[in-house]
Protein chains: 2
Amino acid sequence: MYTIKEVAEKMDVSEHTLRFWAKSGFFPFVKRDQNNIRQFSEDDLAWVKIVKCLRSVGTENKAIKRYIDLCIIGDSTIPERYGIIQATKLKAEEQMKELQKQLDLLDYKEKFYQNLIKNNLKDSWNPMNNIQLEKAL
Amino acid sequence: MYTIKEVAEKMDVSEHTLRFWAKSGFFPFVKRDQNNIRQFSEDDLAWVKIVKCLRSVGTENKAIKRYIDLCIIGDSTIPERYGIIQATKLKAEEQMKELQKQLDLLDYKEKFYQNLIKNNLKDSWNPMNNIQLEKAL
DNA sequence: TTTGGTGCTTAGAGTTACTCTCAAGTTTGA
DNA sequence: TCAAACTTGAGAGTAACTCTAAGCACCAAA
């Protein structure tokens with residue numbers, strides 16, 4: 001059993017966010033002790049994990065709540081949940097491609113500046129000159 | 001020369017966002033025609049591209065403005081700009097790893113549901129049963 | 001026994017980066 | 001000439017946190 005603080009550290013999510021998510025109904029099975037303190041089980045950590053996963057690929061909280069609710073309803077919702085996971089995976093793969101593109105651009109920029117520094121900033125008297133160079137790619 | 005609508009389509013950024021970015025000072029060289037309509041040049045598109053890149057890896061707008069301002073100042077700021085690009089690239093690489101982790105989890109989940117569907121939902125009488133399975137990974 | 005640390009709640013303010021609506025002005029095709 | 005299609009800036013609205021604060025409970029050390 002873990003306190004909210006321990007979960008925050010373990011899962012790298014802030015306590016504030018965990019409480020916010022809890023209030024949003026993302027952790028329907030977290031128990032409380034006699035002092036009303038949340039006691040996260042290993043099972044609950046798995047819920048945190050999937051919520052974190054869905055959030056990190058841009059799933060809206062409303063849609064996450066929908067997925068959680070489907071899980072609670074039970075096996076009749078398995079096809080819909082499968083669809084959600086498939087769509088989310090596709091979205092994540094798109095993001096992967098997009099991120100790779102941006103990494104390529106950053107890599108180009110990095111080399112561009114390296115070259116500028118290596119050649120000791122000749123032709124550097126005019127700000128616009130630099131901006132012209134900036135436009136590259 | 002492109003209107004804001006054309007830029008929006010070409011660069012896949014909404015007109016609203018482009019105006020918001022313009023107001024934030026991200027496109028300091030966009031000219032206007034006699035009716036005050038923005039006229040984006042090819043150079044301006046390059047600025048849109050780098051702004052989009054920085055945003056997509058989570059750079060805050062304040063930091064983007066700083067980078068733009070450094071570009072305008074000129075060559076004396078090249079070392080700082082180089083540092084920013086390097087740091088941004090590192091951050092993007094981290095995000096790549098993180099996204100891959102989440103993709104792995106989604107892939108596991110997908111196979112998990114496929115298996116559930118293939119085996120025709122036996123043992124499915126109890127909602128909790130399903131939740132137990134959900135916790136996997 | 002008091003003090004410090006941790007945790008709970010509710011409520012509400014603040015933040016970031018959009019996102020959308022709207023009124024007003026301009027241009028253009030039927 | 002007039003309606004459709006664009007553009008503009010101002011400003012309201014939204015999502016998802018993020019933080020503060022008040023007020024209370026519990027426990028362990030000094």
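Lettering of chains follows the sequences in order, A, B, ..., and the numbering in each one begins at 1.
- Between Arg55(A) and Glu60(A) there is no salt bridge, since no side-chain N of the basic residue sits under 4.0 Å from a carboxylate O of the acidic one.
- Looking at heavy atoms from C-beta onward, Leu45(B) lies in side-chain contact with Met11(B) at the 4.5 angstrom threshold.
- The shortest side-chain heavy-atom distance between Arg38(A) and Phe40(A) falls under the 4.5 Å cut-off.
- Computed from coordinates, the Asn36(B) CG to dG25(C) C1' distance equals 11 Å when rounded to whole Å.
- Between the NZ atom of Lys31(A) and the C1' atom of dC8(C) there is a distance of 18 Å, given to the nearest Å.
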ask   = Could you go step by step and tell me if Val51(A) and Phe26(A) meet the side chain to side chain contact (heavy atoms under 4.5 Å, CB included) rule?
value = CA-CA 7 Å; Val51(A) 168; Phe26(A) 291 176; 3.6 Å; yes

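- In the hydrophobic clustering (ILVMFWY side chains linked at under 4.5 Å, chained through shared members), Leu99(B) is joined by Val57(A), Met96(A), Leu99(A), Leu103(A), Val57(B), Met96(B), Leu103(B).
- Listed by residue number, the members of residues 16-28 of chain B with any heavy atom below 4.0 angstrom from DNA chain D are Arg19(B).
- Looking at Tyr113(A) and Gln86(B), their side chains never bring a donor and an acceptor atom within 3.5 Å of each other.
- The distance from atom CD1 of Ile37(B) to atom C1' of dT26(C) is 7 Å, rounded to the nearest whole Å.
- The closest side-chain heavy-atom distance from Val7(A) to Lys10(A) is not below 4.5 Å.
- For the segment residues 2-11 of chain A, residues with any heavy atom less than 4.0 angstrom from an atom of DNA chain C are, sorted by number, Thr3(A), Ile4(A), Lys5(A).
- Proximity of Pro28(A) to Ile68(A): side-chain heavy atoms (C-beta onward) are separated by under 4.5 Å at one or more points.
- Between chain B and DNA chain D, the heavy-atom contact criterion of under 4.0 Å yields a 5' to 3' nucleotide range of dC6(D) to dG9(D).
- Listed pair Arg38(A) / dC8(C) meets the phosphate criterion, a side-chain N or O lying under 4.0 Å from OP1 or OP2.
- A straight line from NZ of Lys52(B) to P of dC18(C) spans 12 Å, rounded to a whole angstrom.
- Two residues are said to be in side-chain contact when any heavy atoms from C-beta on lie closer than 4.5 Å; Ile50(B) and Tyr67(B) meet this criterion.
- Atom CD1 of Ile64(B) is separated from atom P of dT16(C) by 13 Å (rounded to the nearest Å).
- Taking Asp107(B) as the reference, Lys89(A), Lys111(B) meet the side chain to side chain donor-acceptor pair (under 3.5 Å) condition, with sequence neighbours excluded.
- Salt-bridge check for Arg19(A) with Glu15(A): passed, with a basic side-chain N closer than 4.0 Å to an acidic carboxylate O.
- Protein atom CG of Leu54(B) is 18 Å distant from nucleotide atom P of dT16(C), rounded to whole Å.
- With no hydrogens or angles considered, a side-chain donor-acceptor pair links Tyr82(B) and Gln114(A) at under 3.5 Å.
- Counted within 6.0 Å of NZ on Lys91(B), heavy atoms from surrounding residues, nucleotides or ligands total more than 12; the atom is thus considered enclosed.
- A heavy-atom distance below 4.0 Å to DNA chain D is reached by none of the residues of residues 92-99 of chain A.
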